[in-house]
Number of protein chains: 2
Amino acid sequence: MTDRKMTIREMCEAFDVTPRTLRFYEAKELLFPIREGQKRLFTKRDRARLKLILRGKRFGFSLEEIRQLLDLYYMDDSQETQLRKTYTLAEKHLAEMEAQRDELNEAIAELKEQMAWGAKRLKELAPDRAAG
Amino acid sequence: MTDRKMTIREMCEAFDVTPRTLRFYEAKELLFPIREGQKRLFTKRDRARLKLILRGKRFGFSLEEIRQLLDLYYMDDSQETQLRKTYTLAEKHLAEMEAQRDELNEAIAELKEQMAWGAKRLKELAPDRAAG
DNA sequence: AGGAAAGATGACGTGAACGTAAACGTAACG
DNA sequence: CGTTACGTTTACGTTCACGTCATCTTTCCT
């Protein structure tokens, strides 16, 4: 397994975040780097989680929401009750994400329409170097 | 034209926001309610803008980004330079939104995969009332 | 041994996006 | 004519997600 342990600095370069951010995520229990003496070492698991965290952020989820969602990707030997709870939560998030995608598609279509209008106006103003 | 002017209270109920939010958006120059004495009256234009604002927020845009995007939807007699600037900005946003949609689709697919895995585990634990 | 480089902790600061409380205006209602 | 409802401004408070010191170890290098 490629379970290279990475230092905080390596993580920062790999994911373009600051040390503060990684420590903050650990404090919020989103990451669980192991310790070698004082120093944090980030595992393959932490890297996978961080990738999901950053993605979640881009979709506008809060860190707390993301923390709960992460459990789904790392369900292991949970009890049924917990598993079912997590599953239900995931269903909710899935619905939200699909709704967001649909709305996004709609917004994209509208924006394109507006841009077509703008392009037409630009063309009238300067036919030689119009937008396209 | 259905240009009914709405009070702040009516707006709040129609869009599920607080008065504070509407005043805040006005301060940030996202909305421009007219005044009847002291009181704000929100026009059809304000309603259209607010709808776009709330949508932009769901997509994770900041109010400042939204403010700039709104100009595109309300381009009227701008000069070419301004129009071209707005158009360029819109292109950038469009690209971002399309990228976000693609990533969202990917995330949805992955989440579904994880949920299928979870559903299978739940089925093993309790075949009678499994998740579907 | 001496010093830079990397990492740690702790505490205070910051920007965005509002929430909340105080104090005031005004307009209709019983 | 008082009070209830709705609206206003001003101003300080709050949450989230970090940024930014200051200070202290640990480690590596020459």
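These values consider heavy atoms only, across backbone and side chains, with no hydrogens, waters or symmetry-generated copies. All figures in this text were calculated on a predicted structure; none of them were measured in a lab. Protein chains get the first letters and strands the later ones, always in sequence-line order, with residue 1 at the start of each.
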A.B. asks: Which nucleotide in the list C:dG7, C:dT9, D:dC6 gets nearest to the side chain of B:Arg9?
C.D. replies: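 So the nucleotide nearest the side chain must be D:dC6.
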
A.B. asks: Would you say a side-chain N or O of B:Thr7 is under 4.0 Å from OP1 or OP2 of D:dG7?
C.D. replies: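 Checking D:dG7 against B:Thr7, a side-chain N or O does come within under 4.0 Å of OP1 or OP2.
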
A.B. asks: Rounded off to whole Å, could you give me the NZ-to-P distance for the B:Lys39 and D:dC6 pair?
C.D. replies: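 Atom NZ in B:Lys39 sits about 10 Å away from atom P in D:dC6.
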
A.B. asks: In whole angstroms, how far is the C1' atom of D:dC18 from the CD1 atom of A:Ile8?
C.D. replies: 13 Å

A.B. asks: Counting heavy atoms from C-beta on, name the nucleotide in D:dA17, C:dA17, C:dT9 closest to the side chain of B:Ser62.
C.D. replies: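 So the side chain of B:Ser62 is nearest to C:dA17.
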
A.B. asks: With salt bridge (charged side-chain N to carboxylate O under 4.0 Å, His left out) as the criterion, how do B:Glu10 and B:Arg4 come out once you've worked through the C-alpha distance, each side chain's angles and the decisive distance to 0.1 Å?
C.D. replies: CA-CA 11 Å; B:Glu10 289 170 326; B:Arg4 243 207 89 221; 2.9 Å; yes

A.B. asks: Can you tell me how far C1' of C:dA17 sits from CZ of B:Arg58, to the nearest Å?
C.D. replies: 16 Å

A.B. asks: Quickly work out the B:Phe42 CZ to D:dG7 C1' distance and round it to whole Å.
C.D. replies: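 That distance rounds to 11 Å.
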
A.B. asks: Please determine, for the side chain of B:Leu63, which listed nucleotide (C:dA8, D:dA17, C:dA17) has the closest atom?
C.D. replies: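 For the B:Leu63 side chain, the nearest candidate turns out to be C:dA17.
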
A.B. asks: Taking atom C1' of D:dT26 as reference, at what distance in whole Å does atom CG of A:Leu41 sit?
C.D. replies: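 Spelled out: CG on A:Leu41 to C1' on D:dT26 is 14 Å.
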
A.B. asks: Less than 4.0 Å between a side-chain N and a carboxylate O, is that true for B:Glu65 and B:Lys57?
C.D. replies: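 No salt bridge links B:Lys57 with B:Glu65.
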
A.B. asks: Does D:dG7 have OP1 or OP2 under 4.0 Å away from a side-chain N or O of B:Arg40?
C.D. replies: no

A.B. asks: Please list residues of residues 20-38 of chain A whose heavy atoms come under 4.0 Å from any atom in DNA chain C, ordered by number; otherwise none.
C.D. replies: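 By residue number: A:Arg23, A:Arg35, A:Gln38.
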
A.B. asks: In Å and rounded to the nearest 0.5 Å, what is the CZ to CG distance from A:Arg55 to A:Leu50?
C.D. replies: 12.0 Å

A.B. asks: When rounded to the nearest 0.5 angstrom, what is the spacing between CD in B:Gln100 and CZ in B:Phe61?
C.D. replies: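 The distance works out to 6.5 Å.
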
A.B. asks: What integer distance in Å separates A:Glu13:CD from C:dA5:C1'?
C.D. replies: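 These atoms are roughly 13 Å apart.
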
